Amino acid sequence: MEEKPDGVYRGIEKSINHTAAFIICEEKLNRTALRALCWVPVTCLTKETVSIAAGCWEWIVTRRPEFETQLLMEIIGAWKCTVTHRVGYSALPGSVRDPLSLTTGWRNSPIWLPIVNPTGSGYDSLPSDLR
C-alpha cells in the first residue's frame, strides 16, 4: 500500500463521509454513489482509506439496512477486482488461495460446508431460543 500525505487523507475522508451521508439521506438508493464509495479503497489502496470506507459502510448499513444487499454486492465486486489483479492483500506472497477454486485442491463444490454435529457441547450451552 502506498503512502500519502495527511492532507490527502483528510480530503479522501471528507469525500467518503459526504458520499456516505448522501447515500443515507437519499430516499432511493443512488447506485452510482454507492459504487463510488465501495471502489475508493481499490483506487486508493491504503490502510487509511480502507478503514474510513469500512466505517462508512457500517454507518450505511446501520442507518439504511435496506441498502445492505446492494452494498455487499458492490464491496464483493471491488474485492474480486483486487483478487483478480493481485493488489493489496491478494498480492502478498503466500496469500491464501480461493477455497472455492477448483485448482486449490478443495472439494469440487461451490457450496461446501463442514459437517456440524448439533448435539455437540457448544450446542447444549446455547439458550433454547437460539437452538
Side-chain angles (χ1 to χ4, degrees):
M1 292 191 192
E2 62 187 76
E3 294 293 322
K4 297 214 180 291
D6 287 340
V8 173
Y9 288 122
R10 282 193 289 277
I12 291 171
E13 181 176 18
K14 187 175 179 181
S15 296
I16 290 172
N17 284 322
H18 284 185
T19 304
F22 172 76
I23 291 167
I24 290 168
C25 292
E26 285 292 293
E27 198 163 313
K28 287 176 50 179
L29 176 63
N30 185 312
R31 287 189 167 274
T32 304
L34 185 70
R35 176 167 286 147
L37 183 66
C38 293
W39 281 81
V40 166
V42 175
T43 58
C44 180
L45 189 57
T46 64
K47 292 176 191 176
E48 290 80 3
T49 56
V50 171
S51 177
I52 294 164
C56 286
W57 299 337
E58 288 181 45
W59 182 28
I60 291 169
V61 170
T62 301
R63 296 299 304 260
R64 299 298 298 267
E66 67 272 22
F67 294 166
E68 183 176 17
T69 301
Q70 291 87 355
L71 176 69
L72 289 174
M73 288 171 49
E74 289 297 336
I75 292 170
I76 290 168
W79 178 259
K80 284 181 73 175
C81 180
T82 67
V83 171
T84 301
H85 295 285
R86 303 204 46 84
V87 296
Y89 175 76
S90 303
L92 296 175
S95 293
V96 177
R97 295 169 78 188
D98 182 1
L100 301 179
S101 171
L102 296 177
T103 61
T104 60
W106 288 68
R107 287 189 146 176
N108 188 7
S109 169
I111 305 175
W112 177 81
L113 298 173
I115 297 171
V116 177
N117 182 357
T119 60
S121 61
Y123 181 80
D124 297 331
S125 62
L126 289 174
S128 60
D129 59 330
L130 295 178
R131 289 187 204 167

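Quantities reported herein were computed from a predicted structural model and do not represent experimental measurements. Hydrogens, waters and symmetry mates play no part in the numbers below; they use all other heavy atoms, side chains included.
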Are Ile76 and Leu29 grouped together when hydrophobic residues (ILVMFWY) are joined by side-chain heavy atoms under 4.5 angstrom apart? no
Results of side-chain hydrogen bond (donor to acceptor under 3.5 Å, both in side chains) for Arg35 - residues two or more places apart only: Glu74
Taking all non-hydrogen atoms of both residues, which atom of Ala53 and which atom of Pro41 are closest, and how far apart? CB-CG, 3.5 Å
If only atom types and distance count, is the side chain of Thr62 paired as donor or acceptor with the main-chain N or O of Glu58 below 3.5 Å? yes
Which distance, rounded to the nearest 0.5 Å, do you find between the CG of Asn30 and the CG of Leu37? 11.0 Å
Leu34-Ile75 co-clustered via ILVMFWY side chain contacts under 4.5 Å: yes
As a test of understanding, state which of Ile16, Ile52, Leu71 forms a side chain to side chain contact (heavy atoms under 4.5 Å, CB included) with Trp57. Leu71
Which value, rounded to the nearest 0.5 Å, describes the distance between Arg64 atom CZ and Gln70 atom CD? 10.5 Å
Got a list of side-chain donor-acceptor pairs under 3.5 Å for residues 17-28, not counting sequence neighbours?
{"from": "Asn17", "atom 1": "ND2", "to": "Glu13", "atom 2": "O", "distance (Å)": "3.1"}
{"from": "Thr19", "atom 1": "OG1", "to": "Ser15", "atom 2": "O", "distance (Å)": "2.8"}

Do Phe67 and Trp39 sit in one hydrophobic cluster, given that two such residues count as connected whenever their side-chain heavy atoms are within less than 4.5 Å of each other, even indirectly? no
